[in-house]
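First up is the structure itself, then whatever we jot down about it.
Keep in mind it's a predicted model, so treat the numbers as computed, not measured. One-based numbering, in listed order, for ligands and for the atoms of each.
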Amino acid sequence: MQEISSYNFRGKRALVRVDFNVPIDKGTLKVIDDTRIKAASTTIRHILDSGGSVVLISHLGRPKGSLNKRFSLKNILKSVSDVLGVEVHFTDDCIGDEAFKISSKLKPGQVLLLENVRYYKEETIGAESFAEALSKHGDVFVNDAFGTAHRAHASTTVIAKHFPNAKMFGFLIKGEIENVDRLLNSEEKPSTAIVGGAKVSSKIIIIERLIDIVDNLIVGGGMAYTFVKSAGGKVGNSLVEEDYIETAKKIRLLAKRKGVKLYIPIDSVIADSFKNEANIAETMIDKIPDGWMGLDVGPKTIKECSKIISKSRLILWNGPMGVFEMDNFKHGTLGVANAIVSATSKGSFSLVGGGDSVAAINKFGLSHKVSYVSTGGGAMLEYLEGKELPGIKAIKS
Ligand code: AMP
């Protein structure tokens, strides 16, 4: 494994696996949030400024091996150019003749963006031949896609073996690893994790692991209602995963056994339909009338969470507290964000990770006021869980 900051890129074509899986507006097909592009720009600019050229590989969405315009990386071409401040070339088949023709003629300072690698089903199954074909685009491989480091895909993992003496992490992955390690290895106390988002089912493993790591665990967002129902509360039409009611009960017991304080929201902002203009009221979270649904945590919960967060030395936040995309239901998420910002300003270490928390903190313009914003969603969570990520192992081994 080489080190990006000391590697000599002069005259080399660097094949850089980035995570440009950015949110795209379904109507206009424009980029809604370019955080991930900006996050990878340090690595790309470093290579260009060091006299190299860059071939960018990424996926976008889940086209499942078929051509679907909605998932074309052409949709993000302008954003990539704008962020990098250079013209970016594009090819509409990542391993087509045209793509190899352009990549072989790249001059120092030039950038080529390849079409979505997931247009080939070979990407996600980690096909050897596909990885080998992609590897022909570069002299050196740089993996800067932390967001997909937990997948053993062709362009994230299998490809690395074609660069035994020229493979390395980009600055983004290095930063992710260093910051998550800081959270895991710090002795500072108390530590608090705030886990929100839509569903218990997608966060269950991380919640179980966090119980081993933190002192306080705050549960918010849609998944809180499964916890409330599991304790016999009335949640009306709120989002509930019936299959996870038993799991929620087990998590309560596990937290108790391990001495972790588990905080479930006390009150809720409820609506009579899933829209910003719905009729809105506030209730205790376990007394939601039929026909109403909880779309945000209420003021009492915000106050309690803020108190816990303000006393925490280490803070991890994944997942919004409510439907923050709608203005009337953003206050819980904003309250948590403000509390984290305030704790950070007093010297606490805060890590915000997971796609929607990142979108939320960006929306509120607060991302520069927390210690670190991870762009690595599921991969960051798996790394926190202690798993060895295939994309990281492939570079290290
Ligand atoms: P996740 O990707 O699991 O972190 O979920 C994020 C999504 O959860 C966001 O789009 C939120 O709008 C949604 N969400 C948060 N709170 C609720 C809620 N109370 N009911 C329904 N969806 C919610």
With a 4.0 Å cut-off on N to O distance, would you call Glu128 and Lys161 a salt bridge? yes
To check your reading of the model: name the closest protein heavy atom to atom 4 (O) of ligand 1, its residue, and the distance in Å. Lys203 NZ, 3.0 Å
Top protein contact for atom 17 (C) of ligand 1, by heavy-atom distance: Gly222 N, 3.3 Å
Pull out every atom of ligand 1 sitting under 4.0 Å from any heavy atom of Gly221, numbered as shown with elements. 16 (N), 19 (N)
Going by the order shown, which atoms of ligand 1 are within less than 4.0 Å of some heavy atom of Gly294? 18 (C), 19 (N), 20 (N)
Residue pair Asp327, Lys330: steps toward the salt bridge (charged side-chain N to carboxylate O under 4.0 Å, His left out) verdict: CA-CA 5 Å; Asp327 272 351; Lys330 71 176 180 193; 3.7 Å; yes
Taking Ser155 as the fixed residue, which of Arg118, His59, Arg17 is the one that meets the side chain to side chain donor-acceptor pair (under 3.5 Å) rule? Arg17
Closest non-hydrogen protein atom to atom 10 (O) of ligand 1, residue and atom name please, with distance? Glu325 OE2, 2.5 Å
Is there a heavy atom in Tyr225 that sits closer than 4.0 Å to ligand 1? yes
Is it true that Lys249 and Glu246 make a salt bridge, defined as a side-chain N closer than 4.0 Å to a carboxylate O? yes
Salt bridge Asp25-Lys30, side-chain N to carboxylate O under 4.0 Å: no
Rounded to the nearest 0.5 Å, what separation is found between the CG atom of Leu381 and the OG atom of Ser374? 8.0 Å
Can you tell me which residue and heavy atom of the protein come closest to atom 7 (C) of ligand 1, and the distance to 0.1 Å? Asp356 OD2, 3.7 Å
Looking at atom 23 (C) of ligand 1, what's its closest protein heavy atom, distance included? Val323 CG2, 3.5 Å
Judged by modelled atom types alone, do Lys167 and Asn143 share a side-chain donor-acceptor pair under 3.5 Å? no
Candidates Ala271, Gly322, Ala359; heavy atom nearest atom 15 (C) of ligand 1 found on Gly322
Check each atom of ligand 1 against the heavy atoms of Gly197 and keep those under 4.0 Å away; list them by number with element. 1 (P), 3 (O), 4 (O), 5 (O), 6 (C), 8 (O)
Atom 8 (O) of ligand 1 sits nearest the protein heavy atom Ala198 N, 3.2 Å
So does Asp215 pair up with Lys189, basic N to acidic O under 4.0 Å? yes
